[in-house]
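Structure first, then comments.
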Amino acid sequence: GTKTVGEGYRPGPTLTSPHLAVSLIENRAIYEDREGNLWMGSAGGGLIRLKKRAVTTYTTDNGLPSNTVFAVTDDGIGGTWIATGSGLARLRAGKITVYTEKDGMLSSYATALLRDRAGSLWIGSNFGLTQLKDRRFINYTPAQGLSGPVVMSLAAEDHRPAARQC
């Protein structure tokens, strides 16, 4: 049948990219930033950014610590935080900086991200929760009160981070 679409509608571009196809099939994270860019993390295909009609792929070839991306969020000052299976990455002004256990994170296996209203970044992992506050990593485990070590997702509840654990 025929479908009538609102006045002024024009179909968007057809996107063809092997990385985009992988990302759409095995998507791990979707995030829309303030500028309307769509970020998609995948299981093995890296990070894809859709910006207007351009597709940009970030992988280990560009400096990501892993091509498995679990979460994406902004840093509040024009950059992007990326949680991967081998570390936390920050993309800012075209440069990727990687943070791992060597920098003070509880685990390099970062599974979830949340930036709170105070500007702290919360990072879920397979060993607990890490807070990046004032350029310093603060770690929380069951010894500090978590009900379990694995944090799969984070959400703000009454302006305070809340973790979903397994």
Side-chain angles (χ1 to χ4, degrees), residues 19 22-24 26-51 56-60 62-166:
H19 292 294
V22 167
S23 201
L24 291 174
E26 299 181 39
N27 190 313
R28 297 280 186 207
I30 296 178
Y31 176 75
E32 184 176 1
D33 66 21
R34 292 186 217 175
E35 297 172 8
N37 300 314
L38 189 63
W39 298 83
M40 295 180 295
S42 71
L47 179 68
I48 312 300
R49 181 185 70 193
L50 301 176
K51 183 177 183 175
T56 305
T57 303
Y58 299 93
T59 65
T60 54
N62 307 98
L64 281 184
S66 170
N67 286 331
T68 299
V69 176
F70 292 104
V72 183
T73 195
D74 69 280
D75 68 359
I77 54 174
T80 304
W81 288 109
I82 307 148
T84 79
S86 298
L88 175 67
R90 184 179 186 201
L91 173 62
R92 186 147 193 259
K95 181 183 175 193
I96 295 175
T97 305
V98 176
Y99 302 91
T100 66
E101 293 163 350
K102 293 177 184 175
D103 300 294
M105 290 177 58
L106 189 58
S107 171
S108 294
Y109 196 83
T111 56
L113 295 174
L114 174 74
R115 189 171 57 85
D116 68 21
R117 289 184 179 224
S120 287
L121 180 69
W122 295 84
I123 306 125
S125 77
N126 56 336
F127 289 130
L129 186 63
T130 297
Q131 178 185 18
L132 178 58
K133 182 179 181 179
D134 301 323
R135 299 182 181 171
R136 195 178 78 131
F137 290 105
I138 304 163
N139 297 310
Y140 302 92
T141 67
Q144 285 80 33
L146 289 183
S147 62
V150 179
V151 177
M152 296 303 297
S153 63
L154 295 164
E157 190 173 285
D158 295 327
H159 310 297
R160 294 184 337 210
R164 182 181 69 109
Q165 299 177 296
C166 291

Distance in Å, Tyr99 OH paired with Leu132 CG, rounded so as to fall on 0.5 Å steps: 7.5 Å
Name of the residue among Thr141, Asn126, Thr130 meeting side chain to side chain donor-acceptor pair (under 3.5 Å) with Ser107: Asn126
Closest non-hydrogen atom pair between Asn139 and Leu106, with its separation: OD1-N, 3.0 Å
Heavy-atom donor-acceptor pair, Asp33 side chain to Glu35 backbone, under 3.5 Å: yes
Side-chain (Arg34) to main-chain (Gly78) donor-acceptor, under 3.5 angstrom: no
Shortest non-hydrogen separation from Ala112 to Ala83 and the atoms involved: N-CB, 4.4 Å
Exam field: side chain Thr59 to backbone Asn67, donor-acceptor pair closer than 3.5 Å: no
From CA spacing to verdict: side chain to side chain contact (heavy atoms under 4.5 Å, CB included), Tyr31, Leu113: CA-CA 11 Å; Tyr31 176 75; Leu113 295 174; over 6 Å; no
Stepwise side chain to side chain contact (heavy atoms under 4.5 Å, CB included) test for Val98 and Thr84: CA-CA 10 Å; Val98 176; Thr84 79; over 6 Å; no
Phe127, CZ: over 12 other non-hydrogen atoms inside 6.0 angstrom: no
Salt bridge (charged side-chain N to carboxylate O under 4.0 Å, His left out) involving Arg49 - partner list, sequence neighbours excluded: none
Leu114 side, atom CG; Thr73 side, atom OG1 - distance, nearest 0.5 Å: 7.0 Å
Full working for side chain to side chain contact (heavy atoms under 4.5 Å, CB included) between Ile82 and Ile96: CA-CA 10 Å; Ile82 307 148; Ile96 295 175; 5.7 Å; no
Heavy-atom pair with the smallest gap, counting every atom of Ala29 and Ala71: CB-CA, 3.7 Å
Under 3.5 Å: donor-acceptor pair, side chain of Thr111, backbone of Val151: yes
Ring geometry between Tyr58 and Trp39 (parallel below 30°, tilted from 30 to 60°, perpendicular above 60°): parallel
Ile138 side, atom CD1; Met105 side, atom CE - distance, nearest 0.5 Å: 13.5 Å
Shortest non-hydrogen contact between Asp75 and Arg92, atoms and distance: OD2-CD, 3.7 Å
Pro142 to Gly148 - nearest heavy-atom pair and separation: CG-C, 3.7 Å
Straight-line distance of Ile123 CD1 to Tyr109 OH, nearest 0.5 Å: 15.5 Å
Exercise: identify the closest heavy-atom pair between Gly87 and Pro65: O-CG, 3.8 Å
Gap between atom CG of Asn62 and atom CG of Leu91 - 0.5 Å precision: 9.0 Å
Residue from Thr56, Thr57, Val72 passing side chain to side chain contact (heavy atoms under 4.5 Å, CB included) with Leu47: Val72
Separation of Asn37 CG from Asp74 CG (nearest 0.5 Å): 11.5 Å
